[in-house]
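Worksheet: the structure to be examined is printed underneath.
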There are 2 protein chains.
Amino acid sequence: MAGVSTATVSRALRGLPTVSAATRRRVLAAAEQLQYAVSPSASRLAGGRTGAIAVVVPRITRWFFGVVVEAVEDFLHQCGYDLLLHNLGGREQNRQRLLHPANLHKRVDGVMLVATPLRPADLTALTTLDLPGVTVSSGTGVPGWPCVRIDDVAAARIATRHLLDLGHRRIAHISGDPDDELAFTAHLDRRRGYQEALRAAGLWPDPTLDVESGFDIAGGTRATEELLRRGDPPTAIFAACDEMAMGALTALRDAGLRVPQDVSLIGIDDHALSGVLGLSTIAQPAAEQGRLAAEMLIDPLRGRTRASDCGADELPVILPTRLVVRDSTAPPRAN
Amino acid sequence: MAGVSTATVSRALRGLPTVSAATRRRVLAAAEQLQYAVSPSASRLAGGRTGAIAVVVPRITRWFFGVVVEAVEDFLHQCGYDLLLHNLGGREQNRQRLLHPANLHKRVDGVMLVATPLRPADLTALTTLDLPGVTVSSGTGVPGWPCVRIDDVAAARIATRHLLDLGHRRIAHISGDPDDELAFTAHLDRRRGYQEALRAAGLWPDPTLDVESGFDIAGGTRATEELLRRGDPPTAIFAACDEMAMGALTALRDAGLRVPQDVSLIGIDDHALSGVLGLSTIAQPAAEQGRLAAEMLIDPLRGRTRASDCGADELPVILPTRLVVRDSTAPPRAN
DNA sequence: CTGAAAGCGCTTACAG
DNA sequence: CTGAAAGCGCTTACAG
């Protein structure tokens, strides 16, 4: 030791204000010299906080989730929190395991659920756990948890409207996420926006132009192949996300259809590669959603009252999207 | 309680063999009924193991690292380990913080370093920490840690050879990673392979055809723009990774050059979107590298002796790569 | 501003 | 196969 009790060492190392400057200096010096590092398990046990946050994503390899996690990781580590990553990987079993109270209880100080579908049973489990949390891009909110997201219905409406404005009338939609056995809300909302835009233009959504598949590249390819198999191809396709649009690109090329001359194509995201591919899209701020959600989760934990605590803030925070027109959308060919 | 001591509960819950079946049944039933979950901090403190692994990647948003992390996460959770994610994000400061003994000591049972550059000082720090670890895709190994990787020199040689075989002679190379202030070995090895292939064909590597930039999409664009600015464009480009190749695609298109008619292009990775883009590449098994590394890290922790412990296994495990020819490479135009 | 004491909730030898 | 006891290494009221 450097002449003080362990209690004082503990206080000095954590920077509590109730330590004299001289003492703190001595403690820090001794710690430095002894290469002393506190045992996280011990301080967690004694202190009651774990200093860790669980972050749950469907698939870390998809653009949106990678960007969200990157932003969250950065903020969390800046605040001194560890990030426990959970990748659902499309397995219902993983979701179960993770959401089981034993895996969250006393293990983390908070939870971030990104686009994670929740059943009523999961909701009550989470609620009785009484753990702080936040959801991102999630339809079913958790009572008492803030939520950050975009307006998926509006984004889809704008994408579809863009195609309508160009003069398209036969507009297909590809979407769906069999990765989740449960309803994944983003794609349901996006379909709704698509249908609303069509109806607003006096069109009737045609079920044969609406194909479900995986919410990723391969899914986009499969959905588009199915679409083309149905005959009488659409003049435009609205894909529920950019990765599906990219998959569509392959299928269209293989079918000998050119984009945008034969078929226009638009997605949602503004994926890092959408520019390279010249893909028109609705850009959504992924990093900002992650960062903001992390902040809303952490701030209260650090004792900072968020303004929202003063009132009812069951309202989700909606971040803006933006139409980005590139080379994949054009007026339909005059027949 | 269900009639037994806490010691027995502990043993029953962990499935130790020294508990009678009847007792175990009673304990499990009681735990179930009480919604009892052990406190991880307490068992860590008492037991000395944390049940967590730190995984360090340069950028989770890049294809390779996302796929590696996904595979690692899956394996780790199957083994009951938590995964603490560290994303360096190109900040030297993050590397420092993470590698500081205090942030690893007693916090995790093991470390996986993916493509993380290490200075001599870092090496000694890690060695004195005496923590089990494994490196993936890393040039500078850590003494005593296994390493999983591909042969970057060979991969680059094969890519370059493919271009040479097609008849190209003016073959450029784009590479580099300013994200890392330290030498990031993969790109150095890949340059070496490129140069070796040229020399083996009797060609002299031309420095004006070798441009460094970021190891990502934007870097590929910048490097290619710089290349074209130098005049007398090459007939082929070997990009150090697919993401750089994708960036190159944009620059070439903007310059009015067609791929492969005017310029052939090949990368390394077999990125999820390389197929969509018709990009020729050298495929590397990313998930397998992650999974295998996780296994090599975890198996000894669970008391399983790996065969390699019996001998000196300072040799890295090299996984195979494979040339994938798509539409971005073709013979040069006859002038 | 600092110290003594209790306690966080487990696991681990040690007996039996 | 099971229990009593000690201890893991901190933090937290409680005094002073």
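A, B, ... follow the sequence lines: proteins, then strands. Residue 1 opens every chain. Predicted model, so just to flag it, every value in this text is computed and none were measured.
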Dot-bracket encoding per residue of DNA chain D, Watson-Crick/G-U cut-off under 3.5 Å, | denoting interstrand
|||.||||||||.|||
Apply side chain to side chain donor-acceptor pair (under 3.5 Å) to A:Ser20 and list each qualifying residue two or more places apart in sequence or on a separate chain.
A:Thr23
Looking for any heavy atom pair under 4.0 Å, which part of the strands does B:Ser39 touch: base, sugar-phosphate only, or nothing?
sugar-phosphate
Can you list everything that forms a side chain to side chain donor-acceptor pair (under 3.5 Å) with B:Gln284? Sequence neighbours excluded, please.
B:Asp269, B:Gln289
Expected output: side-chain B:Asn103 to main-chain B:Arg97 donor-acceptor under 3.5 Å:
yes
Going by the rule ring pair (Phe, Tyr, Trp, His ring centres under 6.0 Å), which residues pair with A:His105 if we only count those two or more places apart in sequence or in a different chain?
none
Taken in chain and number order and not counting sequence neighbours, the residues that satisfy salt bridge (Lys or Arg N to Asp or Glu O under 4.0 Å) with A:Arg11 are none
A:Gln78: side chain to side chain donor-acceptor pair (under 3.5 Å) partners, not counting sequence neighbours
A:Asp74
Mind running a 4.0 Å heavy-atom check of residues 44-53 of chain B against DNA chain C and sending the residues that fall below it, in number order?
B:Ala46, B:Gly47
Touch check for B:Ala37, heavy atoms < 4.0 angstrom, all strands: base, sugar-phosphate only, or nothing?
sugar-phosphate
Residues in side-chain contact (heavy atoms from CB on, under 4.5 Å) contact with B:Ala46, at least two apart in sequence or another chain
none
Does B:Glu295 have any side-chain contact (heavy atoms from CB on, under 4.5 Å) partners at least two apart in sequence or in another chain, and if so, which?
B:Phe75, B:Arg291, B:Asp299
Contact class for A:Ser43 vs. all strands (heavy atom < 4.0 Å): base, sugar-phosphate, or nothing?
sugar-phosphate
A:Arg24: salt bridge (Lys or Arg N to Asp or Glu O under 4.0 Å) partners, not counting sequence neighbours
none
Pick the nucleotide of DNA chain C nearest each of B:Val38 and B:Arg11; which residue has the one closer to the 5' end?
B:Val38
Nucleotides bounding contact with chain B, strand DNA chain C, heavy-atom threshold 4.0 Å:
C:dG9 to C:dA13
Restricting to side chain to side chain donor-acceptor pair (under 3.5 Å), what partner residues turn up for A:Ser138, sequence neighbours left out?
none
